[in-house]
Amino acid sequence: MTSALTKNQKVLAFVEESAQLAQPDRIVWIDGSEEQLAALREEGVKTGEMIKLNQEKLPGCYYHRTAQNDVARVEDRTFICCKNKEDAGPINYWMDPQEAYALCRNIARGKMKGRTMYVIPYSMGVVGSPFSKIGIEVTDSIYVVLNMAIMTRVGTACYDYLGTDGDFIKGFHCKCDVDPEKRYIMHFPEDNTIISVNSAYGGNVLLGKKCFALRIASYLGKNEGWMAEHMLILGVTYPDGSKHYVAAAFPSACGKTNLAMLIPPKHYLEKGYKVECVGDDIAWIRVGKDGRLWAVNPENGFFGVAPGTNEKSNPNALAATRQGTIFTNVAIDPADNTVWWEGLTKQAPARLIDWLGNEWTPDSGVKAAHPNSRFTAPATGCPCLSPEFNSKEGVPLDAIIFGGRRATTTPLVYQSRDWDHGVFVGSIMSSETTAAATGAVGVLRHDPMAMKPFCGYHMADYFGHWIDMGKKIANPPKIFNVNWFRQDADGNFIWPGFGDNMRVLDWILKRCAGTVEAKETAIGYVPYAKDIDLTGLGLTEETLESILYVDKARWSAEADEIAEYYKQFGDRLPQELKESLATLKSNCEK
Ligand code: OXD
Ligand code: MN
């Protein structure tokens with residue numbers, strides 16, 4: 001095997017081996033040039049894989065429909081394949097590596113016959129940053145190439161960086177027959193390898209994202225002393241021009257993109273506050289020379305949930321989708337060949353083509369866009385993108401925030417007592433499930449640090465890694481938990497969320513600066529209601545108090561439930577977490 005683009009023997013061997021297995025008719029080496037990508041878009045349109053949208057209203061935008069059975073991540077078909085089953089832990093699905101390789105090889109053998117295999121060189125992070133890592137993904141999907149070219153930094157610079165023998169993460173993707181019974185998303189953390197077969201849904205096939213930047217990277221981070229987290233990163237600029245950064249972990253489809261791009265309420269804007277987005281899904285975090293935690297977003301675009309995104313909820317995300325975006329499984333408005341999804345406008349257009357390709361009217365009784373329909377938008381299109389987005393050093397974190405979707409129990413915001421207690425707070429996160437993964441929606445499940453589906457090794461060792469990291473950080477960020485999703489007796493959300501979350505961020509940053517008091521409770525520090533800015537909100541202090549209240553009886557029951565949950569981790573559970581749990585239980589009984 002030879003290539004005009006690289007002499008790296010490991011790359012050539014990987015491509016050779018992949019081609020021998022899948023037997024494509026042709027191999028195309030992606031160089032990342034606009035010329036090559038434009039030709040692929042055209043080819044995608046010809047084969048029907050892509051639909052060109054109205055280029056006046058949505059320049060550079062395309063549309064794609066997945067197979068009906070292939071619309072979300074498949075957690076129960078996602079495996080960590082390490083030698084010892086125990087090392088994958090009780091939360092992950094595990095398969096023996098030899099068995100997994102054999103299974104996938106049998107499935108993929110000859111499956112690229114009549115197709116082209118594309119070889120994508122990509123970097124997670126800015127090429128040359130100490131945070132960054134290179135991946136090579138081979139795939140038989142033009143859709144994957146075009147999405148990867150938005151979500152990651154694709155191009156020959158990756159080969160230059162690798163040189164003749166640099167190492168990289170191997171990613172093999174083959175659509176095969178998009179057979180859900182033979183769909184596997186396999187991770188081999190000990191071999192830096194990912195194999196994905198029989199899917200074409202983003203989260204399963206854009207291998208730089210969940211597979212590499214979270215599952216493989218979390219394992220690398222543990223071994224190399226850094227962290228790969230399911231976190232957005234945002235920066236708040238104060239009226240005096242100073243900037244403060246926070247990273248926040250929320251489960252999939254719980255508003256990370258909205259928080260990352262929030263527009264503060266009018267009176268904050270008038271005073272000169274500004275929020276800028278560094279990332280909306282993934283943070284790679286290292287200890288800096290100054291003893292603080294520094295974070296980068298390894299991605300280059302946003303793979304966001306479309307439904308609910310509108311001019312009010314997230315004008316920045318919407319603006320980002322107006323050019324160079326690939327829409328997946330939303331509806332098409334045939335009147336002007338643009339896109340629509342539930343929540344984009346109050347009133348749906350009179351006639352649409354739904355995500356299944358069927359004629360749709362508001363009376364159809366079904367959703368026009370799939371609840372997990374997505375936009376893949378270049379980060380550069382986001383009006384509030386941080387000037388630090390391409391920084392090789394990243395941004396220093398003042399705060400880390402955890403958050404879940406909880407109708408009851410968890411207050412709007414609370415602060416952990418210290419780093420170790422913060423790790424406990426992250427480890428006990430629970431949230432109601434969403435459409436981002438297959439399975440029932442709205443079921444409360446544990447999702448520690450929002451990493452349940454993404455941790456590439458034993459979850460208790462991951463907790464231990466957090467505890468160990470704490471020992472290395474001279475100036476650790478403060479750790480908080482938020483819950484935007486408290487409901488009243490009629491099931492209505494009490495807190496308005498979206499831009500008004502600035503009011504909570506404001507309190508969090510004041511706590512970091514030491515400029516506001518807080519009330520010590522059984523679970524940590526909770527704001528005094530008077531310290532959360534309610535200007536112009538129409539929410540009474542009394543209502544606010546109701547969602548700041550720490551109900552000891554509920555928390556006592558929660559502690560019992562956590563004890564049950566923790567049992568599965570056995571001896572590997574760090575002592576620090578056991579102690580925090582014991583403190584919680586005894587605090588609730590005082
Ligand atoms: C995502 C997810 O796509 O978490 O970011 O599912
Ligand atoms: Mn995510």
Side-chain angles (χ1 to χ4, degrees), residues 64 66 70-78 91 124 143-144 147-148 150-152 185 187 196 199-218 227-234 247-261 277-285 295 297-309 314 317 320-321 325-330 341 369-377 379 382 401-405 426 429 431-441 445 447-456:
H64 172 82
T66 64
D70 191 26
V71 293
R73 285 183 291 98
V74 280
E75 295 184 2
D76 55 346
R77 309 196 71 92
T78 296
I91 301 277
M124 298 313 291
Y143 172 76
V144 168
N147 273 271
M148 286 293 284
I150 296 172
M151 292 307 297
T152 72
I185 322 298
H187 304 73
S196 165
S199 175
Y201 167 73
N204 299 328
V205 300
L206 306 180
L207 300 184
K209 193 174 178 63
K210 302 302 186 183
C211 302
F212 173 176
L214 288 176
R215 296 193 192 98
I216 298 287
S218 60
M227 304 161 92
E229 300 298 332
H230 192 203
M231 290 180 178
L232 66 91
I233 309 165
L234 66 80
F250 294 81
S252 307
C254 286
K256 280 203 300 298
T257 308
N258 292 340
L259 183 61
M261 299 180 189
C277 170
V278 181
D280 80 328
D281 195 42
I282 298 175
W284 282 2
I285 305 175
N297 166 16
E299 300 193 280
N300 203 25
F302 306 114
F303 183 61
V305 179
T309 307
N314 194 340
T321 68
T325 294
I326 299 172
F327 296 95
T328 303
N329 291 343
V330 301
W341 50 77
H370 187 275
N372 191 37
S373 53
R374 299 279 178 146
F375 52 79
T376 316
C382 175
I401 303 174
F402 296 116
R405 198 181 265 272
M429 264 172 74
S431 192
E432 290 148 27
T433 51
T434 67
T438 53
V441 167
R445 74 168 186 184
D447 191 349
M449 281 83 167
M451 284 288 278
K452 178 189 184 306
F454 306 122
C455 183

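Residues: numbered from 1 along the sequence shown. Each ligand, and each atom within it, is numbered from 1 in the order the structure gives.
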Participant: Within this structure, what is the OG-NE2 distance for the pair S373 and H64, rounded to the nearest 0.5 Å?
Facilitator: 12.5 Å
Participant: Using a heavy-atom cut-off of under 4.0 Å, does the side chain or the backbone of F302 touch ligand 1, or both, or neither?
Facilitator: neither
Participant: Counting heavy atoms only, which of E299, E75, H230, K210 is nearest atom 1 (C) of ligand 1?
Facilitator: K210
Participant: May I ask you to identify, for K256, whether its side chain, its backbone, both or neither come under 4.0 Å of ligand 1 on a heavy-atom basis?
Facilitator: neither
Participant: Which of the numbered atoms in ligand 1 are under 4.0 angstrom from any heavy atom belonging to D281?
Facilitator: 5 (O)
Participant: Enumerate the atoms of ligand 1 whose separation from the nearest heavy atom of F454 is less than 4.0 angstrom.
Facilitator: 4 (O)
Participant: Heavy-atom contacts with A436 under 4.0 Å: which atoms of ligand 1 show up? List them by number with element.
Facilitator: 6 (O)
Participant: What verdict does the side chain to side chain donor-acceptor pair (under 3.5 Å) test give for D70 and S199, after you've listed the backbone C-alpha separation in whole Å, the side-chain angles of each residue and the deciding distance to 0.1 Å?
Facilitator: CA-CA 6 Å; D70 191 26; S199 175; 2.7 Å; yes
Participant: Suppose I only count heavy atoms of F303 and a 4.0 Å limit; which atoms of ligand 1 are within that range?
Facilitator: 3 (O)
Participant: Are the side chain of T325 and the backbone of F375 linked by a donor-acceptor contact shorter than 3.5 Å?
Facilitator: no
Participant: At what distance is the nearest protein heavy atom to atom 3 (O) of ligand 1, and which residue and atom is it?
Facilitator: R374 NH1, 2.8 Å
Participant: Pairs of nitrogen or oxygen atoms closer than 3.5 Å, one from R73 and one from ligand 1: do any exist?
Facilitator: yes
Participant: Identify the closest protein heavy atom to atom 4 (O) of ligand 1: which residue and atom is it, and at what distance?
Facilitator: S252 OG, 2.5 Å
Participant: Which single N/O/S atom of D281 lies at minimum distance from the Mn ion (ligand 2)?
Facilitator: OD1
